[in-house]
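Inspection log for the structure reproduced underneath, given as structure tokens.
We name chains A, B, ... by the order of the sequence lines, and we start the count at 1 in each one.
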Amino acid sequence: MEGITNSRLPKPFFVNHDSLFLASALIGKTLVRQFEDGHRIRSRITETEAYLGVEDLASHARRGRTPRTEVMYAEGGQVYVYLIYGIHWLLNIVTGAEESPQAVLIRGLEHCSGPGRVGKWLKMDSSFYGEPLDTSNRIWVEDSSISGEIITTARIGVDFAGPIWKNKPWRFVLRPKQKSR
DNA sequence: CAGAAGATCGGG
DNA sequence: CCGATCTTCTGC
């Protein structure tokens with residue numbers, strides 16, 4: 001398989017960049033989930049969205065510091081999970097320095113498309129809130145690459161944020177290599 | 001403390 | 001297009 005190197009991405013990778021950079025940089029990286037019985041799911045990230053701080057009216061951080069957004073204010077490299085519509089656990093990765101509330105939403109993997117489906121497939125739940133990606137034995141990200149063009153579009157499901165923020169091209173999707181014909 | 005809304009998905 | 005299903009935040 002192309003681009004698999006088996007090296008876990010270290011904390012600085014998540015701390016030293018903002019979510020806009022990391023949302024695209026995480027495309028092609030390998031998400032690894034290890035279950036209690038040792039079984040692992042490995043799948044490369046194919047779709048992300050960036051959420052940028054308190055001024056971003058589409059972000060949960062728009063209302064400032066609350067119990068839920070607390071982890072977004074922490075140093076990058078931790079997991080932010082939350083329950084949406086009472087049904088789906090959405091997986092996010094906190095990015096940037098401490099006191100900078102940003103995160104990247106993982107919307108799709110090679111083998112699983114859609115943020116709700118990703119959470120279900122990886123068996124996310126509230127216990128992953130604040131999980132450190134640099135030391136966890138349950139979830140982490142490994143360096144890898146994948147070929148293909150990265151497309152940007154507006155973020156999904158954020159109409160409530162108003163035209164300015166809803167139209168930011170902060171969704172990143174990997175377009176698979178064209179098949180020859 | 002009640003009420004509304006939500007970074008979604010699947011079924012009709 | 002609508003219902004599911006429950007946490008979070010707001011406003012009274």
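Hydrophobic clustering, with ILVMFWY side chains joined whenever heavy atoms are under 4.5 angstrom apart, groups A/Leu83 together with A/Val118.
Scanning for ring pair (Phe, Tyr, Trp, His ring centres under 6.0 Å) contacts around A/Phe128 gives an empty result, with sequence neighbours left out. Evaluation of the ring pair (Phe, Tyr, Trp, His ring centres under 6.0 Å) rule for A/His17 yields A/Phe21 as partners, not counting sequence neighbours.
Side-chain contact annotation: A/Gln78 with A/Tyr80, donor-acceptor N/O pair under 3.5 Å absent. Side-chain N/O atoms of A/Thr153 and A/Arg171 include a donor and acceptor closer than 3.5 Å. Checked by atom type, the side-chain pair A/Arg138/A/Gln34 shows no donor-acceptor distance below 3.5 Å.
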Identify every side-chain donor-acceptor pair in residues 154-167 of chain A under 3.5 Å, counting partners at least two apart or on other chains, and give the distances.
from, atom 1, to, atom 2, distance (Å)
A/Arg155, NH1, A/Ala50, O, 3.0
A/Arg155, NH1, A/Asp56, OD2, 2.8
A/Arg155, NH2, A/Asp56, OD1, 3.0
A/Arg155, NH2, A/Trp165, O, 2.9
A/Asn167, ND2, A/Pro163, O, 2.9

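When all heavy atoms are compared, the tightest approach of A/Ala103 to A/Asn92 is CB-CB, 4.2 Å.
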Where protein sits on nucleotides 2-12 of chain B, one letter per nucleotide: B base, S sugar-phosphate only, - none, heavy atoms under 4.0 Å: ----BBBSS--
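When each of A/Glu142, A/Glu110, A/His111 is checked for a side-chain hydrogen bond (donor to acceptor under 3.5 Å, both in side chains) with A/Arg44, only A/Glu110 meets the rule.
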Given salt bridge (charged side-chain N to carboxylate O under 4.0 Å, His left out), test A/Arg8 with A/Asp134 step by step and report yes or no. CA-CA 7 Å; A/Arg8 183 189 294 230; A/Asp134 57 334; over 6 Å; no
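Comparing B/dA2 with C/dT5, their P atoms sit 22 Å apart, to the nearest whole Å.
The span of DNA chain C lying next to chain A, judged by atoms under 4.0 Å from heavy atoms, is bounded 5' to 3' by C/dA4 to C/dT10.
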Both atom distances under 3.5 Å, Watson-Crick or G-U wobble: I'd like the secondary structure of DNA chain B as a dot-bracket string, with | for pairs made across strands. ||||||.||||.
